[in-house]
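Naming convention: chains lettered A, B, ... in sequence-line order (proteins, then strands); numbering from 1 in each chain.
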Protein chains: 2
Amino acid sequence: MTDVLPARRYPPGMVARVTLSDVARAAGVSLATASRALNGSSNRTVQPALRERVLAAAESLRYTPDANAQAMARGATSSVGLIVHDIADPYFSGIAAAVTRAADRVGLHVTLASTQHQPDREHELVALMRRLRTRAVIIAGGRMADPEREARLRDALGDLMAAGASVAVVGQPLEGIDSVVIDNPGGAAALAGALLERGYTTAGVLGGPPEHQTARARRESFVDAFRAGGGTVGEEHVVHGLFTWEGGASAMEALLGRPDRPQVVFAVNDVMALGALSAARALGVRVPDDVAVAGFDDIVTLRDVVPGLTTVRIPLDEAGEAAAELALDGMGGGEARRRLVRTEVVLRESTPPRA
Amino acid sequence: MTDVLPARRYPPGMVARVTLSDVARAAGVSLATASRALNGSSNRTVQPALRERVLAAAESLRYTPDANAQAMARGATSSVGLIVHDIADPYFSGIAAAVTRAADRVGLHVTLASTQHQPDREHELVALMRRLRTRAVIIAGGRMADPEREARLRDALGDLMAAGASVAVVGQPLEGIDSVVIDNPGGAAALAGALLERGYTTAGVLGGPPEHQTARARRESFVDAFRAGGGTVGEEHVVHGLFTWEGGASAMEALLGRPDRPQVVFAVNDVMALGALSAARALGVRVPDDVAVAGFDDIVTLRDVVPGLTTVRIPLDEAGEAAAELALDGMGGGEARRRLVRTEVVLRESTPPRA
DNA sequence: GCCGGGCTGGAATGCGCTTTCCACCGTAGG
DNA sequence: CCTACGGTGGAAAGCGCATTCCAGCCCGGC
């Protein structure tokens, strides 16, 4: 039989919650004992009988510990932060899936934050994670080359790490921070090689935002490798645009408007490639008959579509897992660690061998 | 000039953090004043000069409030929980994007949890959210019809709501809970009608897990409407499988193995449809020449692929926003509210008009 | 038979912050 | 000139929990 609850002072709008002391009272033990019974406190035991009583009381009161209070008392939360640019983007959601899985495995949960495509908000989100006292944060996404922006980010990261959190970035490396690096240059170069091998000699590029690191890495490596292999990439055939479907579409439109249409167009990511496909179709340009198209990322939902899009696969699972591993292992002492995730060319119908 | 920090008791492994009292000391004011200066406490003012001093001190100490402590003191966190089955699935990530955006707008952050395709873990995640004391939780995803499972979920939800959190589900409605309902039956029926109109008279269905509510709604509505419109759907042409790419592939394989191949196959979601496409290709069955295929969801990355997949579009943005709105408005008093999100048939090349 | 030591339970402290409650200031009104 | 009152800063109480420290218990050994 439970006696009347003492009038607790609750902020307005709050509902009475059952606390550990309620459980203790119901079980007729002290708060300390209740806590120990529930947590199996280390190097300390509580009589099985008592333990049972406490557990039963907790059960019948539908007690759940308050994670915030636990975090305070223990001095650490059980959450890991994940910062992305757009969770709806398959690239990020693929990484998010892996991170979520990894966190789950070790009993952590993830706090998701999205810059909503505004890279200059990254540092704000890092600050948010600091406020939240997340154990670790994983930053996914290409940072811009803008030095001021990066300085702000580093600054925020510094504060975060000073507070004891560990950090890992995935995508483009960040000097001094544990990074999982996706081999964009290697993949782009390999793609260029594969296209040359298939008989293409002229190429255009849908290059993404000029300052976007990842886009730049892919674009430059592709161009260099294609030229090094004997192919031609006209400067006027390198068009920039947003890293989005619309960006790809308008860039493709611009490119197709130029004379000397290249034999193949490389979009620096699949989403842009899709936009390009659409633009081509709208203009009556057939793919791959009139122009071949290749992308980058190998978005999962695009596999096995006809005609298949030639692209470069990024093992997102591997990348996400690696990032989680780096972040959750904590800072491994001195040097910033670096993991390389290799990419792989996937040839499909959008770039058939040329006669 | 700061004097020596008093030795604070920190759990092992912890780093000293700058707290509000450090700020107060540095500014030469009391803790209360510091708090008020920082928060602009209601119906209470602090002298502009003092306020400045505190702000400056906080700034120079790189102080950030501890969200956990604030949550304790205020009695409420600033987080909203989102429960999905697989964040890598475009359906869920689309909703997640909208929810994230909505939460962000009102200064909340989202805690993401994934069942990893195990619907019977939903109630665990609800319990997790309760521990975390999230202000609200949004559950996305088709719940199974399994009564025991649903009972557990309801149970967990009851505890959650008793603790003062509001909850909303999106997808399939849940009796007594604020729900945003996606008009699956309407969409499936409309699709059936559109196919009949294009001249199809026999159809097969790739039906997802038998107990899956959403799958069932789409399947049954489609079958009913197709038959009602004069078409034929043989019982043997309704195949079940997992709600995944592989599920679609193997279901398609099974279906194509039967005699009397139907003219069109309706997969209850796009991902399954893709698997089906792949299986067809592997078996040498051409789409749409030998068999037409339609899906459901209109996954964003599938738009404008050739041949386009006929499907039913779900406005994920709208659904996510609506869910967030329901959840964040709190429980609107008595009746559980319900929002209907209409779907729209999108006809593409995978189901050309029949001669 | 008595004392020491291992167990075990309870009281108390503190985590960082918000928010009463109280004390104190100055000023205006009687 | 004294009191009453609005305004403003500080002390302190808690939010829910983990944990340290201490007290009591029972057992065995001398």
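With A:I139 as reference, A:L153 is the one residue of A:L153, A:L174, A:T115, A:V170 to meet the side chain to side chain contact (heavy atoms under 4.5 Å, CB included) rule.
No donor-acceptor contact under 3.5 angstrom links the side chains of A:R133 and A:T77, judged on distance only.
Side chain of A:S79 to main chain of A:H109: no donor-acceptor pair is present (N/O by atom type, distance under 3.5 Å, no hydrogens or angles). Side-chain N or O atoms of B:T100 include one that pairs as donor or acceptor with a backbone N or O of B:A96 at under 3.5 Å. B:R337 places a side-chain N or O within 3.5 Å of a backbone atom of B:L326 that can act as its donor or acceptor partner.
Contact annotation: the side chain of A:V169 never approaches that of A:D178 to less than 4.5 Å [non-hydrogen atoms, C-beta and beyond].
Atom P of nucleotide D:dG16 and atom CG of B:D66 are separated by 16 Å, given to the nearest angstrom. In this structure, A:R74 places its CZ atom 12 Å from C1' of D:dG16, rounding to the nearest Å. Between A:R25 atom CZ and C:dG10 atom C1' the separation is 15 Å, expressed in whole Å. Taking atom CE on B:M72 and atom C1' on C:dC15, their separation rounds to 10 Å, with Å as the unit. Taking atom CG of residue A:L20 and atom P of nucleotide C:dG14, one finds them 20 Å apart after rounding to whole Å. In this structure, the CG atom of B:N68 is 10 Å from the C1' atom of C:dC15, given to the nearest Å. Summarising the geometry, the separation between CG on A:D22 and C1' on D:dC17 is reported as 13 Å, rounded to the nearest angstrom. Rounded to whole Å, atom C1' of D:dC17 lies 13 Å from atom CZ of B:R131.
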Protein-to-nucleotide contact annotation, 5' to 3' order, nucleotides 5-11 of chain D [B base; S sugar-phosphate only; - none; under 4.0 Å, heavy atom]: ---BBBB
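For A:S35, taking side-chain heavy atoms from C-beta onward, the closest of the listed nucleotides C:dG16, D:dC17, D:dT19 is D:dT19.
For B:Q70 and C:dG16, the shortest distance from a side-chain N or O to OP1 or OP2 is not below 4.0 Å.
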